[in-house]
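The block underneath contains the structure these notes are about, expressed in structure tokens.
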Amino acid sequence: MPSIAALGAALVAATSVVSAQSVSGKPEGYGSKATGGAAGKTVTPTSTEELENYLTSSDPLTVVLSQTFDFRKTEGTASETGCAPYGTDSGCQIAINKDDWCSNYQADAPSADVNYDKAALNPIQVKSDKTIIGDGQNGVLLGKGLRLAGGVDNVIIQNIAISELNPQYVWGGDAITLDGSSNVWVDHVTTSLVGRQHIVTGNAGNDGVTISNHFVNGTTSWSANCNSYHYWGVYLTGEKDTITFKNNYIYHTGGRSPKLGGGATVHMPNNYWDDIEGHAFEGEDAYALIEGSVFENVKTPVTDNTAALYAPTSDDSACQSALGRACKGNTFSSSGKLDGTDSSVLSQIGENAVEADDASNISGIPGTAGNTL
Ligand SMILES: *[C@@H]1O[C@H](CO)[C@@H](O)[C@H](O)[C@H]1NC(C)=O
Ligand SMILES: *[C@@H]1O[C@H](CO)[C@@H](O)[C@H](O)[C@H]1NC(C)=O
């Protein structure tokens, strides 16, 4: 029979294998101060419980995800009465009555039975000073997202995929939530098949966030428009958020990609919006510079918007005094129009602007977006 000490050593070996995996590249823009768990140990969890323990610990840690962590069924399922505000066809999302949403906002909608997995409504509450990094394509979270809230500072999330958050249900789960965080870099993450948002910031402000090389995969079998285009995409509405959003691929969504609000300031160079059946931008009370980006098959680039947008359609020297360089023009094919001209955006971003490529030079996307490292 092995000694207790030998068992202990085996456990340490199984759970704390130091991996060669380290952060690739450096954050630029508003999230540039993020160093994540660089000051701490590197750990490789082997169960959902262990993963959650590491991410919620108060130590600085680099947490390597080298397997799929499937949280579905770990917290049971709920059978309740929700509502069907978009219809009852099989392609429509139906809604969980979360916080009485059905009763408060969808009083005319027929009721509907919902059967959802509870784990997805209860994201991992990541604590400060963490790097969460996928080992190749192996780092996958199913059925639970990540939430950085209530003063969490200094987190890097790189090269993972998050999926299967009750995609058939509105309020089924968000993949990445920032709600009162600072110095965060979300890079090379793929999100798909979520119930609600792929990325959501707010209500509390998030100071110093960079979201780069993200792949929002909006393809779903259940959508609010009943048409396979996920409606709830990217929601950037934290109080005075400061966000750099660069080199991202937003694909096959049906709305709110992004919705802006809360007084957020967002610099959005070199993103690729592809096959958006509804609208991309909507919002109010926010500042966004959209430049060097490609809109392809985006039916309605902007709707229902009072946020300040600056979105040049060709290279634009008016940016020179605020940014120290010209802005890059956006390009449009088979798409509607987006031509924001509110120059208050430029001084709002000012020296926090990162470099931008020509829109014609970002053809590496979609290949470079998502957990492709
Ligand atoms: C997008 O997500 C859908 C649904 O999960 C999946 O079938 C498809 O392969 C994904 N697309 C890419 C390019 O990964
Ligand atoms: C195009 O991309 C290459 C490689 O990233 C870069 O060196 C070059 O400066 C870019 N050119 C423009 C005009 O943005």
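Note that ligands are numbered from 1 as they come in the structure, with each ligand's atoms numbered from 1 the same way.
- Of all protein heavy atoms, the one lying nearest to atom 10 (C) of ligand 1 is Asn217 ND2, 2.4 Å.
- Contact check on Lys328 versus Glu291 returns no salt bridge, with no Lys/Arg side-chain nitrogen under 4.0 Å from an Asp/Glu carboxylate oxygen.
- Note that atom 5 (O) of ligand 1 has protein non-hydrogen atoms nearby, at separations under 4.0 angstrom.
- Residue Leu193 has at least one heavy-atom neighbour below 4.0 Å for each of these atoms of ligand 1: 5 (O).
- In this structure the side chain of Lys98 never reaches within 4.5 angstrom of the side chain of Tyr116, judged on heavy atoms.
- Listed by atom number, the atoms of ligand 1 under 4.0 Å from Phe215 heavy atoms are 12 (C), 13 (C), 14 (O).
- Of the N and O atoms on the side chains of His252 and Asp275, at least one donor lies less than 3.5 Å from an acceptor on the other residue.
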- What do the steps show when you test Trp273 against Phe281 for ring pair (Phe, Tyr, Trp, His ring centres under 6.0 Å), and what is the final call? CA-CA 11 Å; Trp273 278 269; Phe281 284 81; 5.4 Å; yes
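- For atom 2 (O) of ligand 1, a protein non-hydrogen atom is found at a distance below 4.0 Å.
- When non-hydrogen atoms are compared, ligand 1 lies under 4.0 Å from neither the backbone nor the side chain of Tyr251.
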- Message: Test side chain to side chain donor-acceptor pair (under 3.5 Å) on Tyr249 and Asp274; report intermediate values, then the result.
- Response: CA-CA 7 Å; Tyr249 182 49; Asp274 183 16; 2.6 Å; yes
